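In what follows, a structure is listed as structure tokens, so that the remarks can point back to it.
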Amino acid sequence: MNHRLMKFVGRLQTPTLSTLRTLCSSSSPSNNKLFVAGLSWSVDERSLTDAFSPYGDINEVRIVYDKETGRSRGFGFVYFSKEDEARCAKDAMDGKAYLGRPLRISYALEKVRGAPLVVPRLRSASGRNK
DNA sequence: TCTGAGCGG
């Protein structure tokens, strides 16, 4: 039947499977990697680990710092061992204030080699997006 | 020093 399609697919480069998965998962990539923004500048990995520990097993916590000033950029990443734990932590901590700042938690975008990082827009400027 | 979007070390 569709062996022509399979032949066409076979001609393509196969290492784009992760890219295809990223593209097919339309809005919420639902990984065990959490993107945590809205952090206070005084938050470090230890504080984030202590804040997200009761929601699951954390593999790693990384906070992004500025290369020049060395200050925290106000966002970081939390790696859980299970995506259910990440979902629980996101549902529990998203929107709640931590050290005086409301947290914005989303699922982290997967860094794909050779592909430009496309950031989904959260808020539509003109309100046209529903 | 003050700074507040945002996907990386």
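All values reported here derive from a predicted model rather than from experimental measurement. The sequence lines fix the lettering, A, B, ..., with proteins before strands; numbering per chain opens at 1.
A:Phe75 meets the ring pair (Phe, Tyr, Trp, His ring centres under 6.0 Å) test with A:Phe35; sequence neighbours excluded. The salt bridge (Lys or Arg N to Asp or Glu O under 4.0 Å) check on A:Arg73 picks up nothing, with sequence neighbours excluded.
Applying the side chain to side chain donor-acceptor pair (under 3.5 Å) test to every pair with at least one member in residues 47-56 of chain A, sequence neighbours left out, gives these pairs: A:Asp44-A:Ser47. For residues 53-62 of chain A, every residue pair satisfying the salt bridge (charged side-chain N to carboxylate O under 4.0 Å, His left out) rule, not counting sequence neighbours, is listed here: A:Glu60-A:Arg62.
Atoms CG (A:Leu109) and P (B:dC7) sit 8 Å apart, rounded to a whole Å. Counting to the nearest Å, the P atom of B:dG8 and the CG atom of A:Asn59 are 20 Å from each other. Computed from coordinates, the A:Asp66 CG to B:dA5 C1' distance equals 13 Å when rounded to whole Å. Distance, A:Arg104 CZ to B:dG4 P: 15 Å, rounded to whole Å.
Each of A:Ile63 and A:Ser72 was assigned the nucleotide of DNA chain B with the nearest heavy atom; the assignment lying further toward the 5' end belongs to A:Ser72. Judged by closest nucleotide on DNA chain B, A:Gly74 is the one of A:Gly74 and A:Arg62 placed further toward the 5' end.
Glycosidic conformation of B:dG4 is anti; the angle lies outside 90° of 0.
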Could you list the protein-to-nucleotides 1-3 of chain B atom pairs, N/O on both sides, closer than 3.5 Å?
residue: B:dT3; atom: O4; partner: A:Arg71; partner atom: NH2; Å: 3.2

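Closest to the side chain of A:Ser40, from the set B:dG8, B:dG4, B:dC7, is B:dG4.
Residue-level contact check: A:Leu39 touches the bases, meaning some heavy atom is under 4.0 Å from a base atom.
Where stacking is scored as ring centres under 5.5 Å apart with planes under 30°, A:Phe77 registers as stacked on the base of B:dG8.
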Between A:Phe77 and A:Lys33, does the side chain to side chain contact (heavy atoms under 4.5 Å, CB included) criterion hold? Intermediate values first, please. CA-CA 7 Å; A:Phe77 300 90; A:Lys33 298 179 287 291; 6.0 Å; no

Check the pair A:Trp41 / A:Arg101 against side chain to side chain contact (heavy atoms under 4.5 Å, CB included), numbers first and verdict last. CA-CA 10 Å; A:Trp41 284 318; A:Arg101 286 286 175 178; 6.0 Å; no

